[in-house]
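Report on the following structure.
Along the sequence shown, residues are numbered consecutively beginning with 1.
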Amino acid sequence: MTIVTDERCTGYAQPGHPERPTRVSGSLQKLRAQTDLKLQWAAPLEACEEQLIRAHTARHIAQVKSGSEAFDGDTPAHPDIFEHASRSVGSALQAMQLARKGEHAFSLIRPPGHHATPNHAMGFCYFNSIAIAALDALSLGTKRVAIFDFDVHHGNGTEAILVQKPNTTFASVHQHPCYPGTGTENVGTNCFNFPVAPRTPRAAYRKVLSSALDRLQQGQPELIGVSAGFDGYARDPLAQETLEAEDFYWLGQTLRATGIPFFSILEGGYSSALPDLILAYLKGVTGA
């Protein structure tokens with residue numbers, strides 16, 4: 001298992017904001033201290049504009065680069081946010097390339113990305129790292145790519161970027177009603193949504209997650225990108241779901257059992273238990 005990270009991502013913050021530096025710093029501390037997994041470490045690749053523009057408009061890229069005003073109340077124009085968001089993309093690109101070589105990889109960095117649409121930053125997200133990595137994989141010769149999003153919030157940005165894109169499939173399992181209010185129906189012929197009600201029992205939630213992954217496998221992907229959000233956790237402050245660490249371990253196991261190469265990137269997860277949830281997931285991924 002390779003952890004892709006860059007600790008410069010902890011260099012921005014807004015007081016009281018749930019998407020805070022300790023999400024990454026605390027998780028890194030946990031992973032460095034544990035002895036159950038043998039970890040390797042890697043730095044993000046350099047993300048170039050050619051890669052960004054596969055998913056975003058030139059105007060949006062320029063707006064993030066200028067950082068002149070907040071994008072919305074949840075998504076401030078932090079100093080150097082273009083560099084931070086670009087490194088997050090580069091981290092996903094590194095994880096994707098490792099997965100194409102048959103290795104396990106997890107991108108542990110911020111900001112997250114799955115709410116960023118082609119022309120809008122929102123929901124703590126500036127560039128859509130998972131979509132950019134998927135499209136880059138296609139450019140490198142992967143024939144079919146799937147995205148599995150288990151963040152508790154709908155991956156509206158990933159859907160908006162990938163809808164009707166050839167050789168891509170997207171599935172999102174998310175709470176509804178919940179932010180951003182989308183994801184109640186399938187979109188196009190390649191984007192599949194699996195909404196779950198608040199406080200869905202764990203066993204029922206697992207069935208929905210399995211159904212979503214089964215739907216992705218029908219497209220026979222050669223690579224799966226995972227938007228790994230840990231805010232479906234029972235005590236996460238931004239949603240009302242029921243999952244425990246054992247469920248994230250099971251998720252890792254279930255993805256591993258597909259036999260399809262996959263990489264994962266951190267999206268949401270805002271509880272103090274995030275480091276433990278990530279570790280449980282990685283143990284499932286590796287079979288530890």
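- Counted by atom type alone, Y12 and E19 present one or more donor-acceptor pairs between their side chains at under 3.5 Å.
- Rounded to the nearest 0.5 Å, atoms CZ (R110) and OH (Y126) are 9.0 Å apart.
- H154 and T182 share a side-chain donor-acceptor pair at under 3.5 Å.
- For the pairing with F124, the ring pair (Phe, Tyr, Trp, His ring centres under 6.0 Å) check across H153, H17, H115 returns one residue only, H17.
- For CD of E50, the number of neighbouring non-hydrogen atoms (other residues, nucleotides, ligands) closer than 6.0 Å is 12 at most.
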Note to self: Show, in sequence, the C-alpha distance, side-chain angles and deciding distance for K165 and L138, and conclude whether the side-chain contact (heavy atoms from CB on, under 4.5 Å) test is met.
What the structure shows: CA-CA 11 Å; K165 277 277 198 309; L138 293 175; over 6 Å; no
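- Linking ILVMFWY side-chain heavy atoms closer than 4.5 Å, directly or via other members, places V226 and V196 in a single hydrophobic cluster.
- A salt bridge does not link E83 to R87: none of the charged nitrogens lies less than 4.0 Å from a carboxylate oxygen.
- Shown are V4, L31, L108; of these, the side-chain contact (heavy atoms from CB on, under 4.5 Å) with W41 is made only by L31.
- Minimum interatomic distance between T117 and H56 (heavy atoms only, all atoms of both residues): O-ND1, 2.9 Å.
- Open room surrounds CD on E46; 12 or fewer heavy atoms of other groups in view lie less than 6.0 Å from it.
- Side-chain contact check for T22 and R20: at least one donor-acceptor pair (N or O, by modelled atom type) lies under 3.5 Å.
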Check: Step by step, would you call Y233 with F248 a ring-ring contact (aromatic ring centres under 6.0 Å, His included)?
Finding: CA-CA 9 Å; Y233 176 58; F248 293 106; 7.2 Å; no
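- Judged purely by distance below 3.5 Å, without hydrogens or angles, the side chains of S91 and D6 never pair a donor atom with an acceptor atom.
- Relative ring orientation between F82 and F127 is described as perpendicular, the plane-to-plane angle rising above 60° on a 0-90° scale split at 30° and 60°.
- Closest heavy-atom contact between G123 and T75: N-OG1, 3.1 Å.
- In this structure, a donor-acceptor pair under 3.5 Å is present between the side chains of S264 and Y281.
- When side chains are defined from C-beta on, P180 counts as touching M122, because their heavy atoms get closer than 4.5 Å.
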Notebook entry, point to check: Run the side-chain contact (heavy atoms from CB on, under 4.5 Å) check on D236 and V152 step by step: do they pass?
Noted result: CA-CA 10 Å; D236 193 276; V152 81; 5.8 Å; no
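- Residue A288 comes nearest to L37 through the heavy atom pair CB-CD2, 3.4 Å, listed as atom of the first residue, atom of the second, then distance.
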Check: Are I260 and L223 close enough, and set up right, to give a side-chain contact (heavy atoms from CB on, under 4.5 Å), and what steps lead you there?
Finding: CA-CA 6 Å; I260 302 168; L223 180 69; 5.6 Å; no
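- A side-chain N or O of S227 and one of E267 form a donor-acceptor pair less than 3.5 Å apart.
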